[in-house]
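Protein chains get the first letters and strands the later ones, always in sequence-line order, with residue 1 at the start of each.
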Amino acid sequence: MRETVRRRLAAWWEVNARDLPWRFGRTTPWGVLVSEVMSQQTQMSRVVPYWTEWMRTWPDAAALAAASAAEVITAWGRLGYPRRALRLQECARAVAQRYDDELPDDYETLLSLPGVGDYTASAVSSFAFGRRVPVIDTNIRRVLSRVLLGVESRGGAATRTERDLAADALPSDVAESVVWNQSVMELGAVVCTAKKPSCEICPIAGLCAFLAAGRPGLGERRTRPRQRFQGTDRQVRGIVLDALRRRRTGSDASASGLPRDEVEALWKDHAQLDACIASLDDDGLIDILPDGSLTLPR
DNA sequence: TTCCCGAGAT
DNA sequence: ATCTCCGGAA
């Protein structure tokens, strides 16, 4: 049964895998790690152009380690969650210094790197190094839960049940385990999507417990109610950082920072603006100069 | 509104 | 276990 699922997904993967530039051995393990970090909570379609330009600029960890924070934050552009960019650079420095610019290949060591959590450590270990490791992301949780258990996965952190399921379902053959991880994840991203799964074109529809059960609970809210974006600190931080990025790339290149009055014009609520500036400073995403003007970090 | 190949702090 | 980090698009 599961063997049939595995075989059909592997065949489907051969034909339908998206041709992403970091797949099929066309980049280094470091390139795979960069793609995984950029992909955290971000759609692939948005990642591809950023990844391509990023890897052209900084082909390996040592190159990224030597860049300035301002360059890194600017190159991150509008990918979102810019702290990822700083952590990726911290990661690059750790790899360059501790591991002689060679990315470690085991889960535990990868997990110890900045910006690398459970998902990224297992994904890099599996996809870049061909290790047999269960990968658990939102897609794999959803697909395995639907196909094998017939129920929707819940939002939030992965449950013990889901971890056990992913470990149990992983093919014992090493090469097959890598294709399994990639094909299950890809199916979740392209076919077995959260809101409108395309069961009519799914290669394992006939084997799916969720479809057989009438897709119970499809479309129910799985995650906790999201914080509205308008008016949040996230929006304000984004506005401030975008202003600094655009100023840096503009012809009005800054030996000095963005003047205080121009900063205050970015957002009406100055209490919130000040709090956001303080948090950006805490995160190391901006520098506050003595005159109160702002710049990207040196 | 929800989701997107999550991580880190509390 | 829950919260906060961006931004784009369905």
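- Taking side-chain N and O atoms only, Thr42(A) has no distance below 4.0 Å to OP1 or OP2 of dC4(B).
- Comparing atom distances between the Arg87(A) side chain and each of dC6(C), dC4(B), dG8(B) picks out dG8(B) as nearest.
- Electrostatic pairing of Arg131(A) and Asp105(A) counts as a salt bridge here, judged by a charged N lying under 4.0 Å from a carboxylate O.
- Atom-to-atom, CE of Met44(A) to C1' of dG7(C) comes out at 15 Å; the value is rounded to the nearest Å.
- Across all strands, Gly117(A) comes closer than 4.0 Å only to sugar-phosphate atoms, never to a base (heavy-atom distances).
- Nearer the 5' end of DNA chain C, as judged by each residue's closest nucleotide, is the contact made by Arg237(A), out of Arg237(A) and Lys195(A).
- In this structure, Arg83(A) atom CZ and dC6(C) atom C1' are separated by 10 Å, rounded to whole Å.
- In terms of position on DNA chain C, the residue among Lys196(A) and Arg84(A) whose nearest nucleotide sits closer to the 5' end is Arg84(A).
- Side-chain contact, Arg132(A) with Ser172(A): no donor N or O sits under 3.5 Å from an acceptor N or O.
- Contacts of Thr193(A) with the nucleic acid, taken as non-hydrogen atoms under 4.0 Å apart, are absent.
- Ion pairing of Arg237(A) with Asp283(A) is present here, as a side-chain N (NZ or NE/NH1/NH2) and a carboxylate O approach within less than 4.0 Å.
- In the region residues 12-40 of chain A, proximity to DNA chain B at under 4.0 angstrom, judged on heavy atoms, holds for Arg18(A), Leu20(A), Arg23(A), Glu36(A), Ser39(A), Gln40(A).
- Annotation for Ile136(A) and Ser122(A): closest pair N-OG, 4.4 Å, computed over non-hydrogen atoms.
- If you measure from atom CH2 of Trp76(A) to atom P of dC5(C), you get 18 Å, rounded to the nearest angstrom.
- The residue Arg78(A) sits close only to the backbone: its heavy atoms come under 4.0 Å of sugar-phosphate atoms, none of a base.
- Checked for salt-bridge contact, Arg18(A) and Glu186(A) meet the test: a charged N lies under 4.0 Å from a carboxylate O.
- When rounded to the nearest whole Å, the span between CD of Gln230(A) and C1' of dT2(B) equals 16 Å.
- The nucleotide whose nearest atom lies closest to any side-chain atom of Tyr81(A) is, among dC5(C), dC4(B), dG7(C), dC5(C).
- Under 3.5 Å, the side chain of Gln43(A) and the base of dG7(C) form at least one donor-acceptor pair of N or O atoms.
- Heavy atoms of Asp118(A) sit under 4.0 angstrom from primed sugar atoms or phosphate atoms, though from no base atom.
- Rounded to a whole angstrom, the distance from the C1' atom of dA1(C) to that of dC4(B) is 22 Å.
- Atom pair Asp283(A):CG and dC5(C):P shows a separation of 8 Å (rounding to whole Å applied).
- Across the protein-nucleic acid pair, Trp267(A) atom CH2 and dC6(C) atom P stand 14 Å apart, rounded to whole Å.
- Counting only residues at least two apart or in different chains, salt bridge (charged side-chain N to carboxylate O under 4.0 Å, His left out) contacts with residues 57-82 of chain A comprise Arg78(A)-Asp242(A).
- Atom CZ of Phe229(A) is separated from atom P of dT4(C) by 14 Å (rounded to the nearest Å).
- Within the 4.0 angstrom heavy-atom criterion, base atoms lie near Leu79(A).
- Following rounding to the nearest Å, Asp233(A) (CG) and dG7(C) (C1') show an atom-to-atom distance of 16 Å.
- Put simply, Arg154(A) has no side-chain N or O that comes within less than 4.0 Å of OP1 or OP2 on dA1(C).
- With respect to the salt-bridge test (charged N to carboxylate O, under 4.0 angstrom), the residues Glu3(A) and Arg6(A) qualify.
- Closest-nucleotide positions on DNA chain B for Pro114(A) and Ala123(A) were compared, and the one nearer the 5' end corresponds to Ala123(A).
- Here the options are Arg215(A), Arg141(A), Lys195(A), Arg146(A), the test is salt bridge (charged side-chain N to carboxylate O under 4.0 Å, His left out), and the partner is Glu152(A); only Arg146(A) passes.
- Taking atom P in both dC6(C) and dA9(B), one finds a spacing of 15 Å when rounded to whole Å.
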